[in-house]
Protein chains: 2
Amino acid sequence: MTSQKEPSAADDKRRLILDAAVELVSEGGYSALSIRALASRAGMSLGLLYYYFADKHAVFAALMRDQQATMVELLDSQPRDPGLRSLLLAMVEPTRRQWLQVGRLVGVWRAERPDVTVEAREQQLGSARMQFEALERALRECADAEGRTLRAEPEIVPFVWASLMGIADLHAQGWVTPIDEDRLTDITVSAIEEHVLVPIKE
Amino acid sequence: MTSQKEPSAADDKRRLILDAAVELVSEGGYSALSIRALASRAGMSLGLLYYYFADKHAVFAALMRDQQATMVELLDSQPRDPGLRSLLLAMVEPTRRQWLQVGRLVGVWRAERPDVTVEAREQQLGSARMQFEALERALRECADAEGRTLRAEPEIVPFVWASLMGIADLHAQGWVTPIDEDRLTDITVSAIEEHVLVPIKE
DNA sequence: ACCTGAACACCGTTCAAGT
DNA sequence: ACCTGAACACCGTTCAAGT
């Protein structure tokens, strides 16, 4: 109900902090994101940071929400006509980027902090849900455009997501021997494609 | 050449530290593994820890190597007769455990530390390579047992690994809505199975 | 309401000193 | 060779104090 408002001064400050955070992480990885470095990069004092965010965890959570919102836009703007395979191929790189930037860190701190606020938890869940709904929409509409249908199980979308995360992580960690990334992507996309559509009866 | 020796006193001490590390991580997650807690749990002083390990990073690396060695044993001891699907189903839970305990942390600190020693890097790579070779062996022999063959591309084993990691991570992070884990596993295993074998000609 | 920085309780790591 | 713990330079977080 209160959505899509003009950004307030507080929102602007928060944006400033989040932009600085993205810069720091992309420059020096997880350990480069110290509260002190973040405050100085955002041009404010240590204490003020805690005025706008509850703690470091909250900064990460906001970063995650940003990326999920970007992913929703991307999924919604993806053309449906070229079909499922094109969609999947187009999503490999963005999901990999999301994984590299904050996704893989979530699992690390998620387990640490017990619960934060109920509100924060709800916000986080809502943002994740929107992302997965956008993915489901995109999958379904792309299948439609090919005259096919998505399998009905609720585990189909998680399966697609897990597959994309799998290659994202492999890319991040590297493989022991050089492999053809495009070939790996191709194999994965084929596997997804064929297991996500209802088989054609003849 | 120097392998399979009687464990030295130093090895015993290192074991003590690593066992304490596993305990701490499983009790309180990543953040519970502080050098001080580790030293006290292992019954030694802070400084001594640095006598047996170069730094915290090295403790993690050793933990990872342990788990990879366990995985090799598990893969090698898995029966081949029941075929590929049985093998994959049996590996889902162990890979998930490995992922939860240290696997997902590797990506976080890997990027931070520049290079450590060449020797350490070599040791780590060798351990990872052994694990993936064991996986490839197991996949190949299980396929054989069914009278099928594994596809020849080098990306086939990474694909299997990425798929297993994907569901491991999804399991760790949780999904926004409750899903049937067994169903997800089943879908993933089917997808792997069919894309990893050479199609039967008729 | 917005902002500061000293202070607190940690942390990983080093190192002089002991046996 | 093995072992200790004080000391160092950090860290995230709090909070009295300012405007």
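Each chain gets a letter, A, B and so on, in the order its sequence line appears, and its residues count up from 1. Since the structure is predicted, the reported quantities are computational estimates derived from the model, not experimental observations.
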> What's the CZ-P distance between B/R14 and D/dA1, to the nearest Å?
Replying inline: 14 Å

> Nearest-Å distance, CZ (A/R36) to P (C/dC11)?
Replying inline: 15 Å

>> With rounding to the closest Å, how many angstrom separate the C1' atoms on D/dC11 and C/dC8?
In response: 12 Å

> Starting at NZ of A/K56 and ending at C1' of D/dC10, how long is that distance when rounded to a whole Å?
Replying inline: 12 Å

> Dot-bracket, DNA chain C: Watson-Crick or G-U, under 3.5 angstrom, [ ] crossing, | other strand?
Replying inline: ||.|||||...|||||.||

> Is it true that A/E27 and A/R41 have a side-chain N and a carboxylate O under 4.0 angstrom from each other?
Replying inline: yes

>> If I take atom OG1 from residue B/T185 and atom CG from residue B/D180, how far apart are they, to the nearest 0.5 angstrom?
In response: 8.5 Å

> Are the charged groups of A/D76 and A/R137 less than 4.0 angstrom apart, N to O?
Replying inline: yes

> Does a side-chain N-to-carboxylate-O contact under 4.0 Å join B/R148 and B/E146?
Replying inline: no

> Taking all atoms of both residues into account, what is the closest heavy-atom pair of B/A191 and A/F159, and its distance?
Replying inline: CB-CZ, 3.7 Å

> Taking the C1' atom of each, how far is C/dA17 from D/dC2, in whole Å?
Replying inline: 13 Å

> How close or far is atom P of C/dA9 from atom CD1 of B/I35, stated in whole angstroms?
Replying inline: 22 Å

For residues 125-136 of chain A, which side-chain donor-acceptor pairs fall under 3.5 Å, sequence neighbours excluded?
| from | atom 1 | to | atom 2 | distance (Å) |
| --- | --- | --- | --- | --- |
| A/S127 | OG | A/Q68 | OE1 | 2.5 |
| A/Q131 | OE1 | A/Q98 | NE2 | 3.3 |
| A/E136 | OE2 | A/R140 | NH2 | 2.6 |

>> What's B/L33 touching, base or sugar-phosphate or nothing? Going by heavy atoms closer than 4.0 Å.
In response: sugar-phosphate

> What is the minimum heavy-atom distance between A/A54 and A/Y50, and which atoms define it?
Replying inline: O-CD2, 3.5 Å

> Can you name the nearest heavy-atom pair linking B/L197 to B/A143, along with the distance?
Replying inline: CD2-CB, 3.7 Å

> Expressed in angstrom and rounded to an integer, what is the separation of B/Y50 atom OH from D/dC8 atom C1'?
Replying inline: 13 Å

> Between A/L38 (CG) and D/dT13 (P), how many Å, whole number?
Replying inline: 11 Å

> How long is the line joining CG of B/L24 and P of C/dC11, in whole Å?
Replying inline: 12 Å

> Under a 4.0 Å N-O cut-off, is there an ion pair linking B/D186 with B/R183?
Replying inline: yes

So which protein N/O to nucleotides 2-6 of chain D N/O distances come out below 3.5 Å?
| from | atom 1 | to | atom 2 | distance (Å) |
| --- | --- | --- | --- | --- |
| D/dC2 | OP2 | B/Y51 | OH | 2.7 |
| D/dC3 | OP1 | B/K13 | NZ | 3.1 |
| D/dC3 | OP2 | B/Y52 | OH | 2.5 |
| D/dT4 | OP2 | B/S45 | N | 2.9 |
| D/dT4 | OP2 | B/S45 | OG | 2.9 |
| D/dT4 | O5' | B/S45 | OG | 3.4 |

